[in-house]
Engineer: 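Submitted below is the structure of interest, expressed as structure tokens.
Heavy-atom basis, side chains included; hydrogens, waters and symmetry copies ignored. For the single chain, residues carry numbers from 1 onward in sequence order.
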Amino acid sequence: MQPSHPEPTARRPVWMWAGATAGLALAVTMFLNNSGPRTPAAASRPPAETFVVSGAVLLGDGASFTRDDHGGCAGTGDHADIKDGAPVLITTGDGFAGGKLTDARALIDGTCRFWFSVPGVPTGQDTYLLMVADRDPRQYIEHELKSALLALRVD
């Protein structure tokens with residue numbers, strides 16, 4: 001007849017228990033000290049310089065927008081995404097900055113104009129992609145974004 005429980009095995013070596021204890025102590029120490037920067041480089045990196053991009057978005061014909069009773073306007077049909085509060089994003093290789101369309105006005109020349117301002121755009125990038133609402137992005141260089149107010153016509 002065989003015993004109902006197996007024979008006890010040999011005890012584990014002391015060095016295994018010492019290694020397990022050291023590993024656990026290291027894990028607890030790392031967990032408790034994880035509140036600061038992960039690397040010295042992250043702590044010493046200077047803040048990136050940024051600039052603000054400002055401009056206007058124009059809807060070019062009366063069929064692409066509707067007027068309201070207060071002189072405002074909003075895109076319609078294929079341009080329904082162009083409206084007050086629509087996002088304006090500028091992306092770079094290092095991240096993005098965002099703003100929104102504001103102050104929609106129906107102008108006497110038959111266009112609908114929205115202002116935008118995007119703060120926090122990082123300097124020193126090769127290219128910048130500017131996207132308004134769900135439109136395809138347009139590519140710019142830093143000089144173009146800094147030189148004057150941008151005027152984007154959406155047709």
Engineer: Does Asp84 have more than 12 heavy atoms from other residues, nucleotides or ligands lying within 6.0 Å of its CG?
Structural biologist: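 Yes, because the 6.0 Å sphere around CG of Asp84 holds more than 12 heavy atoms from other groups.
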
Engineer: Tell me, which pairs form a side-chain hydrogen bond (donor to acceptor under 3.5 Å, both in side chains) where one or both residues lie in residues 88-99, sequence neighbours left out?
Structural biologist: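 Sorted pair list: Asp94-Gln125.
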
Engineer: I'd like to check the side chain to side chain contact (heavy atoms under 4.5 Å, CB included) partners of Thr50; sequence neighbours left out, ordered by chain and number.
Structural biologist: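 Result, side chain to side chain contact (heavy atoms under 4.5 Å, CB included) vs Thr50: none returned.
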
Engineer: Excluding sequence neighbours, so at least two apart, what forms side chain to side chain contact (heavy atoms under 4.5 Å, CB included) with Asp68?
Structural biologist: His70

Engineer: For Lys83 and Ala74, which heavy atoms make the closest approach, and how far apart are they?
Structural biologist: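 Distance-wise, the nearest heavy atoms are CB-CB, 4.4 Å.
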
Engineer: Can you see which heavy atom on Gly120 is nearest to which on Ala97, and at what distance?
Structural biologist: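 Between these two residues, the closest heavy atoms are O-CB, 3.7 Å.
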
Engineer: Among residues two or more places apart or on two chains, list those pairs meeting disulfide bond (SG atoms under 2.5 Å apart) that have a residue in residues 114-155.
Structural biologist: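 Those involving residues 114-155 do not exist here.
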
Engineer: In the hydrophobic cluster built from side-chain contacts under 4.5 Å, what are the other members alongside Leu145?
Structural biologist: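 So far as hydrophobic clustering goes, Leu145 is joined with Phe51, Val53, Val57, Leu59, Phe65, Ile82, Val88, Ile90, Leu101, Phe114, Phe116, Val118, Val121, Tyr128, Leu130, Val132, Tyr140, Leu150, Leu152, Val154.
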
Engineer: What pairs of residues pass the salt bridge (charged side-chain N to carboxylate O under 4.0 Å, His left out) test when at least one of them lies in residues 114-141, not counting sequence neighbours?
Structural biologist: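 For residues 114-141: Asp81-Arg135.
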
Engineer: Restricting to non-hydrogen atoms, name the atom on Gly85 and the atom on Lys100 that form the minimum distance, rounded to 0.1 Å.
Structural biologist: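 Shortest heavy-atom contact: O-CB, 3.9 Å.
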
Engineer: Of all residues at least two apart in sequence or in a different chain, which pass the side chain to side chain contact (heavy atoms under 4.5 Å, CB included) check with Thr76?
Structural biologist: Thr66

Engineer: Report the residues that fulfil salt bridge (Lys or Arg N to Asp or Glu O under 4.0 Å) with Arg105, sequence neighbours left out, ordered by chain and then residue number.
Structural biologist: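 Here the qualifying residues are Asp103.
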
Engineer: Quick check: does any side chain N or O of Glu142 sit under 3.5 Å from a backbone N or O of Thr127, one acting as donor and the other as acceptor?
Structural biologist: no

Engineer: If you look only at pairs with a residue in residues 53-143, which of them pass as a disulfide bond (SG atoms under 2.5 Å apart), with sequence neighbours excluded?
Structural biologist: Cys73-Cys112

Engineer: Determine yes or no for a side-chain-to-main-chain donor-acceptor pair under 3.5 angstrom, with Thr123 supplying the side chain and Glu49 the backbone.
Structural biologist: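 Side chain of Thr123 to backbone of Glu49, a donor-acceptor pair under 3.5 Å: yes, one is there.
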
Engineer: Under 4.5 Å between side-chain heavy atoms, chaining through other members, with only Ile, Leu, Val, Met, Phe, Trp and Tyr counted: pull out the rest of the cluster around Met131, sorted by chain and number.
Structural biologist: Leu89, Phe96

Engineer: What residue pairs, at least two apart or across chains, pass disulfide bond (SG atoms under 2.5 Å apart) with a residue in residues 113-155?
Structural biologist: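 Not a single pair qualifies under disulfide bond (SG atoms under 2.5 Å apart).
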
Engineer: Identify the heavy atoms of Ser117 and Pro119 that sit nearest to each other, and give their distance.
Structural biologist: O-CD, 3.6 Å

Engineer: Mind jotting down which residue pairs meet the disulfide bond (SG atoms under 2.5 Å apart) criterion with at least one end in residues 114-155? Sequence neighbours excluded, please.
Structural biologist: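 Listed by first then second residue: nothing to list.
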
